[in-house]
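Notes to accompany the following structure.
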Amino acid sequence: MSSTPTAPAAPARYNFHETEAKWQKVWEDRQTFKAAMDKARPKYYVLEMFPYPSGRIHMGHVRNYTQGDVIARYKRAKGFNVLHPMGWDAFGLPAENAAMEKKVHPKKWTYENIATMKTQLKSMGLSLDWSRELATCDPTYYRHQQKMFLDFWKAGLAYRKEAWVNWDPVDNTVLANEQVIEGKGWRTGAPVERRKLTQWNLKITHFADELLSRLDTLERWPEKVRLMQANWIGKSRGARVFWQLTDASGKDHGKLEIFTTRPDTLYGASFMALSAEHPLVAGLAANDPGLQRFVAECRKTGTAAAEVETAEKQGYKLPLLAQHPLMPGKTVPVYAANFVLMEYGTGAIFGCPGHDERDHEFATKYGLPILQVVAPADGTKIDIAAAPFIEDGVVVNSDFLNGLDVEEAKSRVIARLEEMGVGKGTIQYRLRDWLVSRQRYWGCPIPAIHCESCGVVPVPDKDLPVELPDDVTFDRPGNPLDRHPTWKHVACPTCGKPARRETDTFDTFIDSSWYFDRFTSPQLTTAPFDREENHYWMPVDQYIGGVEHAILHLLYSRFWTRAMREVQMTSRDEPFDGLFTQGMVCHETYRASDGSWLTPEEIERVEGGKVVRLSDRSPVEVGRSEKMSKSKKNVVDPDQIIRDYGADTARWFMLSDSPPERDLEWTEAGVTGAWRFQQRLFRIATAALEGLPPAGTPKPAAFSDAATALRRAAHKSIAGISTDIEAFHFNKAVARLYEFANTIDSVKAEDESTKWALREALEIFVRLIGPMTPHLAEELWDALGHKSLLADSPWPLPDDALLVDDTVTVAVQLNGKLRGTIALAKDAPKDIAEKTALALPELARGLDGKTPKRVIVVPNRIVNVVV
RNA sequence: GCCCCCGUGGCGGAAUUGGUAGACGCGCCUGACUCAAAAUCAGGUUUCCUCACGGAAGUGUUGGUUCGAGUCCGACCGGGGGCACCA
C-alpha cells in the first residue's frame, strides 16, 4: 500500500471539494460565526491555544481546533452566544532564526506565515469569528501590554533585580525558571549557564499562596494539571531560625538566618552550611583566596540533573562559629557548601546529619558529629552513623521535645523560638519570581528608559507604544536592538538629558498571558479591553490545548489576571473556567538501512507486512509511534489530507477511536476508514431521502413497531451524544453515530409511520454530526429540504418517553456466573424476576437438582442464584 | 529518590462506576456482484475443547473483600508523565 492517498473518483460520490468550499463561503458571506455581546443570552467562550505562526499548520493544530470546534458548534446549537476567536502568538525566536538563516525580516516572515496558516485553518471549516483576529506582534496589541506593565510597575509588581540567572547560550538570552527543563533551555535543549545580571521580574510570588489555594476551585481543570502547578509552587511549612555568629576570638559577626522544614531536629544540629553565593561568603572571600577558589569551583558545576546527582558534597570551613539558639554555650562550625541553593529559603541551612541524607553525606565526609534526635515510633534500634533516619517518629535527646511526635515537636519548638525571639514559623514557596527580560529583537519592547541622573524611568503614556524599529541587522549574534545606531538613544522623560532606552524585550509568554482578554474587544484603541464586553465574555468557559503548557502559559495567565485585578482593571481571579488538555498526534517512524529517517511518503508496505523504501526497494525499519516531528520525518501534512479526503474526513478521524486526552496514532487506514464513512453516510442519506414525506409532515397518530424502534434509537442517540460531547468523550460520540447510522441503514420504510420516523431520524442524525463534520451535515440538511442553515439550527431535544425501554434483558447468574438472559418488563417486581429466572432451562441444568440458598435480584439488571 | 497516571482481542478502544467483558471502528477471513480488480453489499472474527449442541478459561502478576470484581483494598511486575541537592 502506498501511503500516497488516492481518493478514487467514481460517480455518485459525495464531492467534498465543491461542497466544503461552498458552505465555507456561505458561512463567511453570512458572517454566521461573528459574535456580538447580547446580555439577554447566556454566553459561552470557547478558546483553543492560539498557534505560533511557524509556517504551516500541523496535525496537532488540526486535532486541537477540531475539538474546540465541536464544542463551539455544539454550544451554539444549544442556544449559547458563542465566542470562538483565533489569533497568532506572533513574537518569538524562530522568526529571528529565520532572519539569520534565510535573510528575511522577522516581520515579513511572520506575516507570510500567518497568511498561509490562516488559509489552511479556513479550509478546515472552523466556526471561528475571524473579525476578532489578532497578532501579538502588532503594536496595536502590544501597546496595551506595555501600559499594563507600567501599571504593574507602579503597583510594585514589576521590579529590576541583580541576580544569578539562567542563560541559554544558543538563543543568547536569559530564561525564566519555568523555561529550564532538567537544566536545559526549553526551546534549544542547551545546558543553561549561570550569569549575574540585572533583569526585569514580575512578582508572581506575591500570589503564590492564592495561586496554590485557588487550584482547588478549578473543578473543570484536569487533576493532573492542578497537581503539576501545586508541585511547581511547592509550598512547605517550616521555620526561620537566627543563629548568632562569632569568630574564634568571640567577636560578633551578626546573625545568620536559616530556613528549615524540620525545626523538630534542631537539637541534632552539628554544622551550618551557606550557599557559595551567600553574601556572607562573598564578604569573607574578599580576603581568602582559598574561599575564592571554592566559590569559583561551585559556580562551574552545572545545574544539569546528571551532574547534580553525581556531584560530591563539598564544603569550605569558614572562620566562624554559630551559637545554637536553644542550647546556651553550644556552637557549631560554619561551612560554605556546594549543595545549598541561594535561591531557596535564605540560602543557608543548619545541618542535621542524623535526619537528612545530604547532611549525613556531608558530615561523614568532614567528620562532623551525627546525633540522633528522632527514633522510630515502634522502638526499633537504628544505627544513625550508617544511615540517616528520615521518617517520622518520636523525638529524643532534645530537652523539652523528648517523647513528642515529629509534628507536635515542630509546633512546640516554633512556639519556643518565637517566644525567645530567635525564630519564627514561616511558609516557604519553591516558586520564584518571573524573569521577563529577553535579550532578543522579535518581542515586545520593555517600556523603560535608563537615565544616569534619574535612574530607571517609565516611558510616559503619551509615548506608547514603544515600537520595534524595522531597520535591524541579523548578521551577528547578540541583540539587534542593542546595536541599532539610533533607536535606543532618547531623552530622559523626567530631566530631558540624553538617556538610553531599555533594549531588552519581554518574554513572549507575556503576550499569551492576556490575549483571551483582548479577544473580548480586539479593536479597542484606548484600553486593552472594554470592561463591559470583558465582563460579559470572560472567563473562558472552555480552554483547550496541549499539556506542555500545564505550568508555563497556564500559570503565567493566572498570574497576569491577578496582576490586572491588583491594578483595578478587572475583579476576576481566574481566566479559564474549564481546561482540557489534548493528547499528541503520533505516527510510526521509518528508518532506512543507512540510518536516515524517511517520511511516510517515501515508504511502501509490501507482501508479508514488510516495509521498503520506494526509491530503491531497500528494507525499512519501522520504529514505534512517536509524536510527529520534523526531525524524525514522521509527519503528515494536513493540507494534503484535506485536499485528498476533505476537512470533514480529517476532523472525523481526529475525533474517532482515541479519547481526546490521549495520544492519537495517525494511520493511513484510519483516514481511509473515516473517508469511506463520509461516503457511506452520503449514500445512506441520499437513498433514504427517496420516498420520504416532505419536511413538516404532521406526526402520525400511531407508529409501527419498526418505527418506534427507530425512534428510540434516534432519541437515545441524542441523549447519549449530548452527554458524550459535554464530557469530551468524542470517541464515544463517534461510536454512537456509527451505531445510529447502521440502524438507519437497516430500516425498511414500508409504512407511512416508518417513513415519518425515518425522516425524523435523518434530521436528528444530520444535526448530531453537525459539530463534527459540518460541511457534510450542512449539505444533507439542505438535501432534506431546509431553507435555513444547519449552523443556525438548534440542537435536537430527546423525547424522554423514548429513552426508556418497556422490556429489559436481565442476566441470570449461578454463583456469579452467567447462565443465560431473560426478557422482563421494565421494573418488573422482584418475585416475577426470580420466578422467571428460576424457570430458565440453562439455570436448571446448572442447578443440577440443588436448591438455591439465596437469590439476589437487582431490578432491570441481574438475577444471581446462589447455591 | 519523591509525587501522579496507565496496563482489556491482531490494533485503537467501550463497559451505565460493583451487575451479561470486548460496544464502535481498523485489520483479517468467507460469500455476493465482476472476465478480473477496486468500490460496494451480506456474514464471521477473545482463546481453548467440540463436526455441532454446548462447555471451560479470560481484563499485567498475585492475594483479599463481596452473592458478584476490568471496576474496591494489599503486594509485586511493566509502561508513561511531572519534580528533583528545595533544607
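Residue numbers begin at 1 in each chain, while the letters A, B, ... track the order of the sequences. None of the values given here were measured: they were computed from a predicted structure.
If you check every strand for non-hydrogen atoms under 4.0 Å, A:Val858 touches a base. If you check every strand for non-hydrogen atoms under 4.0 Å, A:Leu341 touches a base. Nucleic acid contact for A:Val340: base, since at least one base atom lies under 4.0 Å from a heavy atom of the residue. Backbone-only contact: A:Thr260 has heavy atoms under 4.0 Å from sugar-phosphate atoms and none from a base. Backbone-only engagement by A:Asn731 is indicated by non-hydrogen atom pairs under 4.0 Å involving sugar-phosphate atoms exclusively. In this structure, A:Asp359 reaches neither bases nor backbone, as no heavy-atom distance under 4.0 Å exists between it and the strands shown. Here A:Lys853 lies out of heavy-atom contact (under 4.0 Å) with every strand.
For the OP1/OP2 pair of B:G25 and a distance below 4.0 Å, the side-chain nitrogens and oxygens of A:Tyr738 include no atom meeting the criterion. Taking side-chain N and O atoms only, A:Arg683 has no distance below 4.0 Å to OP1 or OP2 of B:A39. Within the structure, every side-chain polar atom (N or O) of A:Arg262 is placed at least 4.0 Å from both OP1 and OP2 of B:A87. OP1 or OP2 of B:G27 lies within a sub-4.0 Å distance of a side-chain N or O belonging to A:Arg676. For A:Arg430 and B:C83, the shortest distance from a side-chain N or O to OP1 or OP2 is not below 4.0 Å. Contact check, A:Lys817 against B:A57: a side-chain N or O comes under 4.0 Å of OP1 or OP2. Between A:Ser236 and the phosphate of B:A87, there is a side-chain N or O to OP1/OP2 separation shorter than 4.0 Å. Residue A:Lys732 has a polar side-chain atom (N or O) positioned under 4.0 Å from OP1 or OP2 of B:A15.
Under the 6.0 Å cut-off for aromatic ring centres, A:Trp652 and A:Tyr738 qualify, their centroids lying closer than that.
Here B:A23 is the nucleotide among B:A23, B:G19, B:C86 with the atom lying nearest to any side-chain atom of A:Ala735. In this structure, the nucleotide among B:C3, B:G19, B:C67 sitting nearest to the side chain of A:Val866 is B:C67. For A:Pro659, the side-chain atoms get nearest to B:A14 when compared with the rest of B:C85, B:U20, B:A14. In the set B:G25, B:C86, B:U20, the nucleotide with an atom closest to the side chain of A:Asn742 is B:G25.
Using the Watson-Crick or G-U wobble rule with both distances under 3.5 Å, B:C85 pairs with nothing in any strand shown. Of all nucleotides present, only B:C6 satisfies the Watson-Crick or G-U wobble test against B:G78, with each distance under 3.5 Å.
Judged by the 6.0 Å distance and 45° axis criteria, A:Lys313 is not positioned over the aromatic ring of A:Phe362.
For the pair A:Phe350/A:Pro325, no side-chain contact is recorded, criterion being any heavy-atom separation below 4.5 Å from C-beta on.
B:G74: glycosidic angle beyond 90° from 0, hence anti. B:U17: glycosidic angle within 90° of 0, hence syn.
Rounded to an integer number of Å, the gap from CD1 of A:Ile181 to C1' of B:G81 is 13 Å. Spacing between atom CD of A:Glu357 and atom C1' of B:C86 amounts to 14 Å, rounded to whole angstrom units. Atoms NZ (A:Lys410) and C1' (B:A87) sit 12 Å apart, rounded to a whole Å. Atom CZ in A:Arg432 sits roughly 7 Å away from atom C1' in B:C86 (whole-Å rounding). Rounded to whole Å, the distance from CZ on A:Arg861 to P on B:U16 is 9 Å. We find that CD1 of A:Ile551 is positioned 9 Å from P of B:G82, with the value rounded to whole Å. The distance from atom CG of A:Asp663 to atom C1' of B:G79 is 13 Å, rounded to the nearest whole Å. Remark: P of B:G25 and CZ of A:Arg680 are 8 Å apart, rounded to the nearest angstrom.
A salt bridge links A:Glu407 and A:Lys410; the closest N-O separation between the charged side-chain nitrogens and carboxylate oxygens is under 4.0 Å. A salt bridge links A:Arg194 with A:Glu277: the closest approach of a Lys/Arg side-chain nitrogen to an acidic carboxylate oxygen falls below 4.0 angstrom. In summary, A:Arg736 and A:Glu739 do not engage in a salt bridge, as defined by a charged side-chain N under 4.0 Å from a carboxylate O.
Between A:Tyr556 and A:Trp434, the two ring planes are parallel [angle under 30°; tilted spans 30° to 60°].
If you check distances only, the side chain of A:Lys313 does reach the base of B:C85 with a donor-acceptor pair under 3.5 Å.
In this structure, A:Glu842 CD and A:Arg819 CZ are separated by 9.5 Å, a value rounded to the nearest 0.5 Å.
In this structure, A:Asn231 and A:Phe339 both approach RNA chain B, and ranking their closest nucleotides by distance from the 5' end singles out A:Asn231. A residue-by-residue look at A:Arg819 and A:Glu739 shows that A:Glu739 has its nearest nucleotide of RNA chain B further toward the 5' end.
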